[in-house]
Amino acid sequence: MAGSRLEKFGSIYSRVCGLLRSGALKEEDKPLWLDIYKVFPPKTKPQLSQETYQSNVVEIDKPLTQILYPEDMLRAHFNQTYASVEPIDMTDSSSVSQSQRFIQKYMDLRKTKVDRSSLLDKTVSALRMEGMNLTTHKEISQESKARKLKHETREKLKVTDVFGETYKSEEDSILIDNDEKT
């Protein structure tokens, strides 16, 4: 249903009902018109034809201005530097993501008399002191490389490399004993 944001894939009624069924839209947040639509549905099912859709598209002459907030730059810096390893609970509206906690702490420290050049570092250290697990992308790639190297060296090891010649001599004696029994 990723491409169904256009009206041609379903009516607004069917999409709102789907959001209510899935729990993405709470019952208290449902639109007022929904109950009226259920009681008084249209006589013909609303459908969007391609011609109608094309005629409703309006060309805009002037380019759209980009809207950037100060926290957008902070969020971009956080996401480029740190890997978000904690899952986000989308059903809990009170849960806060790691990037949002980073922005809140940065804004709080910015209100105090903290030096602007070290503000990012102080934000990271304050969050780590609060127990937030901040792992950089560089640290994750180094850990991944170390695990891969460890796995490769395990595959290349032979039994005699681990236990030395003593194991080899025991193995030979077992083979000799088996040959004598036959």
Under 3.5 Å donor-acceptor, [X] side chain and [Y] backbone:
X	Y	result
Gln98	Asn133	yes
Ser95	Asp89	yes
Asp72	Leu68	no
Ser118	Asp121	no
Glu139	Thr136	yes
His77	Leu120	no

Tyr82 and Phe78 aromatic ring geometry - parallel, tilted or perpendicular at 30°/60° bounds
tilted
When you group the ILVMFWY residues by side-chain heavy-atom contacts below 4.5 Å and let the links chain together, are [Y] and [X] in the same group?
X	Y	value
Val96	Leu109	no
Ile103	Ile88	no
Leu127	Ile140	no
Ile12	Leu34	yes

Identify whether the distance between the nearest side-chain nitrogen and carboxylate oxygen of Lys122 and Asp115 falls below 4.0 Å.
no
Stepwise side-chain contact (heavy atoms from CB on, under 4.5 Å) test for Arg110 and Thr123:
CA-CA 9 Å; Arg110 194 170 133 193; Thr123 304; over 6 Å; no
Can you check whether [X] reaches [Y] side chain to side chain, under 4.5 Å on heavy atoms?
X	Y	result
Asp35	Lys30	yes
Leu149	Lys145	no
His137	Thr81	no
Pro41	Tyr13	no
Arg101	Glu130	yes
Glu71	Gln100	no

Please check if the number of heavy atoms outside Lys111 that lie under 6.0 Å from its NZ is greater than 12.
no
With a 6.0 Å cut-off (strictly less than), is the heavy-atom count around CD of Glu28, excluding the residue itself, greater than 12?
yes
Tell me the closest heavy-atom pair linking Leu25 and Leu20, and the distance in Å.
O-CD2, 3.4 Å
Please walk me through it: do Trp33 and Val16 pass side-chain contact (heavy atoms from CB on, under 4.5 Å)?
CA-CA 11 Å; Trp33 56 263; Val16 169; 4.1 Å; yes
